[in-house]
Number of protein chains: 2
Amino acid sequence: MGGFPTVTDVALAAGVSRQTVSNVMNSPGIVRTDTRQRVEAAIAELGYRPHASARRLRTRRSSTIGIRLDPVIDGISGSVLDRFLHAVTEQADAQGLRVLLFTATSPEDEIIQFRRLNDGADVDGFVLTSTFAGDPRTRWLIENGISFVTFGRPWGVDDMNDPQHLWVDVDGWSGLHAATRTQQETGARRIAYIGWPSPSGTGDDRRRGWYDAMIERGDVSERDLAELEIVTTDGVSQGTAAMQQLRQNAGQIDAVLCASDSLALGAMIANPERVPVTGYDNTPIAAAIGLSSVDQAVDEVAAGVLELLTGEFGGKVHGAPESAEPRHRMVTPRLVVREFAAIPMDVPR
Amino acid sequence: MGGFPTVTDVALAAGVSRQTVSNVMNSPGIVRTDTRQRVEAAIAELGYRPHASARRLRTRRSSTIGIRLDPVIDGISGSVLDRFLHAVTEQADAQGLRVLLFTATSPEDEIIQFRRLNDGADVDGFVLTSTFAGDPRTRWLIENGISFVTFGRPWGVDDMNDPQHLWVDVDGWSGLHAATRTQQETGARRIAYIGWPSPSGTGDDRRRGWYDAMIERGDVSERDLAELEIVTTDGVSQGTAAMQQLRQNAGQIDAVLCASDSLALGAMIANPERVPVTGYDNTPIAAAIGLSSVDQAVDEVAAGVLELLTGEFGGKVHGAPESAEPRHRMVTPRLVVREFAAIPMDVPR
DNA sequence: TGAATTCATTTGATCGATCAAACTTTTTTT
DNA sequence: AAAAAAAGTTTGATCGATCAAATGAATTCA
């Protein structure tokens, strides 16, 4: 009376037992049709909602996944993770999963949070972002038998095929390969690349996409290719500096590809000749100033992550034998082509 | 044995009863010191973690707050909400609160989600963002006696002092007033404002900050002030268009203030004279291109939200009589001043 | 027809914690 | 020193759902 109706109330109203009500909700198949309809009617009439905590206590599963909200470092590329978070939340919702956020100050601290959330039965598994080589978090999760899927492939030597590590990643190689090809098709020959210093898992991957496409085409000798490449840390002003350097030293340049939208924005600023610039991540900035960019297709990534997390392995590999089911997903990014727009357009001559 | 230790295990190990263990965790004050220490030792040794769902079932509270993850509309200003979300999560964590995300396609759908999460005892209360005039969500929450606090004041006629509606907001008036003053102090007289069409709660508020500061100073007649104001929808290209219009029609312009960083970025693009431009929200873009901007101080907002949510009223007002405790917080934004930088710097003459 | 199966539903126990009230022990009061 | 009050601790019941096993009803088989 006082509070919300419980299974017992519904059972009473429908003239059945608690368990039947439970069955209607969890295994409708085993309940006779007319009984089921009667129960459903009672549920609707009383406005019954299952008590999530009670269910979790009994079933020992929470239907909740934990995601660490990364500290906002670079606000520009950070938006990819925000979009990813949004996609995960949306698709999780649709599957009856909840998303619980937490923060951590370091990978070690994050492991403490894993422990806390897992022990308290708050979450069934985790989604990790921003993995890096020798990541202690994945090791710990595997050792403790906790379900997880990473957005980002493992960057260790042999880890990519580790059957215990489920992951989804975006094929940066393919993104830059396509971007390079697209420029080549419009007639560009000398295509420059502004990227990050090695070793950087994602960075090296993207660079190779450009490099391979350039070699395949053969317009530029392998030696000259070195001139067309600038290595720098990420940031807008670094992009500007790199672009200036290219214009001074690299001779003719038909197009510029960048490892990030930050670099691309920077490059655009020092781009009076309006050389086509392509960024990476398709951030709001790229959209705002009309910059082509490689879109990471976070929706697909999110779908893949949830599929792996809730799928056959439930995010982890019990002693399961070989299986046809692949344990990772490689998502092909989309190249978003935009006409040159905002920045150069209104610059005074 | 099999799973994690429970209160009973700890009690056994410490030679006390379940309830004493519970007391050590929830009301340490009533347990004798030596007993408490013994229990704490047992907790540490067994690595005991309370089972969150069991506790929630019994106490009927979840220590979790629900936040809707807004659809990413304008990616640029969206980052304010992301930063807010981050601040809330971080500070909630510190208070032992969890943050549960959800999405919704419309205010009506959001109300359905409120129901679901509240009935299932998933959350104790909600934090709402992006409130608008006549918001059906707040009305529904009040009617159903559910705790909530909004980031954003109620924009209805008399709602601001509604004692049932707890809110935290940023004083846009003060942000623009300060920005105007700052420009005036550097000698600027004719300061333009690019804002949004009325009625717009936040927009009108910001505009008035500029307007009042201009009137106070009296450098520009009330008539001329109209020339210095452009009304347009939000967006980068709209900002560019507005700036061009100002340059054509408004004569001398010493500075430009904008209702958003999107508009400010647009204005910067059509700004060969390097008139100082100030944006609003202090988004990553403003930082990236070196644009002054009004920062919403999301940390303070988050702190205020949690304070109200967990404070005296617990997010709602029971029949509580008049109280000295204010039911809202007005946060004063910070003006972040940046030297002119990226965009005009490398533009070729 | 009666026994063996299958299907549908019910009952009792349980998940892990906290509440409410009972019970002990210690401290204060008279 | 006995009675009263306070402090500290324990016991039984309970939150709301699901599990496991038992019961009853409908169906199939010999």
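None of these values were measured; they are calculated from a predicted model.
- A/Val21 comes within 4.0 angstrom of nothing in the nucleic acid, heavy atoms only.
- Between A/Ile111 and A/Pro136 the shortest heavy-atom distance is CD1-O, 3.9 Å.
- For D/dG16, the OP1/OP2 oxygens have no side-chain nitrogen or oxygen of A/Thr6 closer than 4.0 Å.
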Verdict with reasoning, A/Glu143 to A/Arg139, per salt bridge (charged side-chain N to carboxylate O under 4.0 Å, His left out): CA-CA 6 Å; A/Glu143 279 168 9; A/Arg139 189 165 3 103; 5.1 Å; no
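- Closest to the side chain of A/His51, out of C/dC19, D/dT18, D/dG16, is D/dG16.
- When rounded to the nearest whole Å, the span between CG of A/Asp9 and C1' of D/dC15 equals 13 Å.
- A residue-by-residue look at B/Gly29 and B/Arg58 shows that B/Gly29 has its nearest nucleotide of DNA chain D further toward the 5' end.
- B/Arg49 comes within contact range of the sugar-phosphate backbone alone, with a heavy-atom separation under 4.0 Å but no base atom that close.
- The separation between B/Met25 atom CE and C/dT18 atom P is 7 Å, rounded to whole Å.
- Note on B/Arg55: a side-chain N or O is less than 4.0 Å away from OP1 or OP2 of C/dT18.
- Checking the phosphate oxygens (OP1, OP2) of D/dT9, a side-chain nitrogen or oxygen of B/Thr35 falls inside 4.0 Å.
- With distances taken from any side-chain atom of A/Arg18 to the nucleotides C/dA17, D/dG16, C/dT11, the minimum falls on C/dT11.
- In this model, the phosphate group of D/dT9 is not approached by any side-chain N or O of B/Asn23 to a distance below 4.0 Å at OP1 or OP2.
- Using a 4.0 Å heavy-atom cutoff across all strands shown, A/Arg56 reaches no nucleic acid atom at all.
- Closest to the A/Ser17 side chain, of the nucleotides C/dT9, D/dA17, C/dC19, is C/dT9.
- Residue B/Arg32 places at least one side-chain N or O closer than 4.0 Å to OP1 or OP2 of D/dT9.
- Closest to the side chain of A/Val16, out of C/dT10, D/dT9, D/dT11, is C/dT10.
- Closest contact between the side chain of A/Arg60 and the listed nucleotides C/dT9, D/dA17, C/dG16 involves C/dG16.
- A/Asp122 has its CG atom 12 Å from the P atom of C/dA17, to the nearest Å.
- Rounded to an integer number of Å, the gap from CG of B/Asp119 to P of D/dA17 is 11 Å.
- To the nearest angstrom, P of D/dG8 lies 14 Å from CZ of B/Arg38.
- Going from atom CG of B/Asp34 over to atom C1' of C/dT25 covers 13 Å, rounded to whole Å.
- Considering only side-chain atoms of B/Ala54, the nucleotide from C/dG16, D/dA17, D/dC19 that sits closest is C/dG16.
- Side-chain N/O atoms of B/Ser22 include none lying less than 4.0 angstrom from OP1 or OP2 on C/dC19.
- For A/Thr131 and A/Asp135, the side-chain atoms include no donor-acceptor pair closer than 3.5 Å.
- Between C/dT18, C/dT9, D/dT9, one nucleotide has an atom nearer to the side chain of B/Thr20 than all others, and that is D/dT9.
- Rounded to whole Å, atom P of C/dT18 lies 11 Å from atom CG of B/Leu57.
- The nearest whole Å value for the distance from the CD1 atom in A/Ile30 to the C1' atom in D/dA20 is 13 Å.
- Contact check on B/Arg56 versus A/Asp122 returns a salt bridge, with a Lys/Arg side-chain nitrogen under 4.0 Å from an Asp/Glu carboxylate oxygen.
- Note: A/Phe151 and A/Phe84 have tilted aromatic rings, judged against thresholds of 30 and 60 degrees for the angle between ring planes.
- For the residue pair B/Thr150 and B/His165, a side-chain donor N or O sits within less than 3.5 Å of a side-chain acceptor on the partner.
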